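Below is one structure, written out as structure tokens, with a few remarks after it.
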Amino acid sequence: MSVSTIINATELLTIYKTENILLVDASNGPNTKLNYENKHLEGALFVDANTQLATIETDVAVGGRHPLPSLEDFSKTLGDLGITPQTWVVIYDDKNGANAAARFWWMLRAVGHEKAQVLNGGIQAAEKIGFPVNSEPVHVVKKEKYPCTTWQWPLASMEEVENVAELPSHTVIDVREAFRYNGESEPIDLIAGHIPGAINFPFTQNLDENGLFLPKEVLQEKYTAILSDTKSENTIIHCGSGITACHTLLAILQAGFAMPKLYVGSWSEWSRNHKPIAPHQK
């Protein structure tokens, strides 16, 4: 069974008790585990973006702030969450899917798990329509390690990005906010600016004024203007650390395009490796 990329809160509320759906809270940031323990959608488990969706290295120059975990570690994480190839997984966070819900979705789909969706509008949209929320502990029925052997969706290395970013045959998209791309300031990484040749299309452009994904037709129009002349294998998406980029990858797939490459290391890796930076930094 295949499912759509995104599920709306009203649909989820209708089916979450009658279908075998596993809800997962993938919110990331300060105190997110405590926030989850204080309030989560009924029955939702918690996944930690820093320890379960990434293997963070001491040297951020190696792979950026959120490198992918090994497939062995990820297969164990999925098993520990009770996820099998048959499990229907719906993931949410507190940032419209841009926190880590879309990252977990990408990782699931990239190991071949078809039944994975992101909750449109996140926990806020669910609460707005009266989806049950509580602080009750959720019992996990652990399973065997999930069978996965490779990342089936395409990845780009820092070396590839450096080789192709300024070629007319390729499109590298930076989904960070414009002020970060423009080098006006950098609140997270050490250096402000962007990869020379990369264009800026902030992930917020995927959303409407209510924090919901734009309709498929609107996303199609937006991304056709950017990607119509570039093959998917020549398109690379990045952000600061490989998390928010997955929000745009989700939107691109939702718009009907083939999956581009994800540059996981993103700006956090690039900016720490003495690579060219635009605007020019002295």
Side-chain angles (χ1 to χ4, degrees), residues 2-17 19 21-29 32 35-36 39-47 49 53 88-109 114-133 173-180 200-227 237 239-240 242-257 259-260 262:
S2 61
V3 296
S4 60
T5 301
I6 299 165
I7 186 169
N8 290 321
T10 50
E11 181 184 358
L12 182 62
L13 181 60
T14 302
I15 65 174
Y16 86 105
K17 285 189 175 180
E19 299 285 351
I21 293 175
L22 179 67
L23 286 172
V24 180
D25 186 324
S27 300
N28 182 40
T32 45
N35 293 341
Y36 162 81
K39 183 181 71 173
H40 53 259
L41 298 186
E42 183 178 61
L45 301 177
F46 178 77
V47 68
L53 304 185
W88 184 349
V89 185
V90 175
I91 314 152
Y92 71 89
D93 61 32
D94 58 357
K95 294 289 189 301
N96 314 117
N99 204 308
R103 165 72 170 243
F104 190 27
W105 166 84
W106 184 95
M107 292 171 69
L108 279 168
R109 292 293 308 275
E114 292 291 333
K115 295 170 69 174
Q117 295 176 292
V118 169
L119 177 60
N120 199 4
I123 190 172
Q124 294 90 343
E127 287 187 284
K128 189 174 181 179
I129 65 161
F131 197 105
V133 173
I173 301 177
D174 183 333
V175 310
R176 297 175 301 155
E177 299 93 332
F179 75 89
R180 294 179 69 189
N200 186 218
F201 192 82
F203 77 93
T204 51
Q205 296 293 311
N206 301 321
L207 303 171
D208 66 17
E209 65 276 8
N210 298 311
L212 301 172
F213 278 93
L214 293 165
K216 180 177 181 178
E217 314 77 60
V218 179
L219 290 172
Q220 282 179 334
E221 184 177 352
K222 283 177 174 282
Y223 284 104
T224 296
I226 300 172
L227 302 177
I237 312 298
C239 56
I243 288 184
T244 307
C246 295
H247 187 276
T248 289
L249 290 169
L250 186 155
I252 288 173
L253 191 69
Q254 177 75 359
F257 289 87
M259 181 56 60
L262 168 63

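Here the structure is a predicted model, which means the values were calculated and not measured. Throughout, residue positions are numbered sequentially from 1 according to the sequence presented.
- Across A49 and A100, no two heavy atoms sit closer than the pair CB-CB, 3.8 Å.
- Under the side-chain contact (heavy atoms from CB on, under 4.5 Å) rule, L41 has a single partner from D25, V133, V24, which is V133.
- Using a 4.5 Å heavy-atom threshold, the side chains of F203 and N96 count as separate.
- Q117 places no side-chain N or O within donor-acceptor distance of the main-chain N or O of V90, the cut-off being under 3.5 Å.
- Here D174 pairs with R176 in a salt bridge; the nearest charged N to carboxylate O distance falls below 4.0 Å.
- Between the side chain of E114 and the main chain of V3, no donor-acceptor pair closer than 3.5 Å is present.
- Checking side-chain atoms of N99 against main-chain N and O of G29 turns up no donor-acceptor pair under 3.5 Å.
- Note: T5 OG1 to L249 CG = 11.5 Å, rounded to the nearest 0.5 Å.
- Note that the CG atom of L262 and the CD1 atom of I237 stand 8.5 Å from one another [nearest 0.5 Å].
- Although no hydrogens or angles enter the test, the distance criterion places no donor-acceptor pair under 3.5 Å between the side chain of N210 and the main chain of L212.
- For T10, the side-chain contact (heavy atoms from CB on, under 4.5 Å) partners two or more places apart in sequence, or in a different chain, are N8, I129.
- The number of heavy-atom neighbours closer than 6.0 Å to CD of E42, taken from other residues, nucleotides and ligands shown, is above 12.
- The two residues Y36 and A44 have their closest heavy-atom pair at OH-O, 2.5 Å.
- Residues passing the side-chain hydrogen bond (donor to acceptor under 3.5 Å, both in side chains) test with N206 are Y223, H247, T248, sequence neighbours excluded.
- With hydrogens and angles ignored, the 3.5 Å screen pairs a side-chain donor or acceptor of D93 with a backbone N or O of A101.
- Counting only residues at least two apart or on different chains, no salt bridge (charged side-chain N to carboxylate O under 4.0 Å, His left out) pair has a member in residues 116-125.
- Remark: the backbone N or O of L53 is paired with a side-chain donor or acceptor of R103 at under 3.5 angstrom.
- Between the OH atom in Y16 and the CD1 atom in I7 there is a gap of 12.5 Å [rounded to 0.5 Å].
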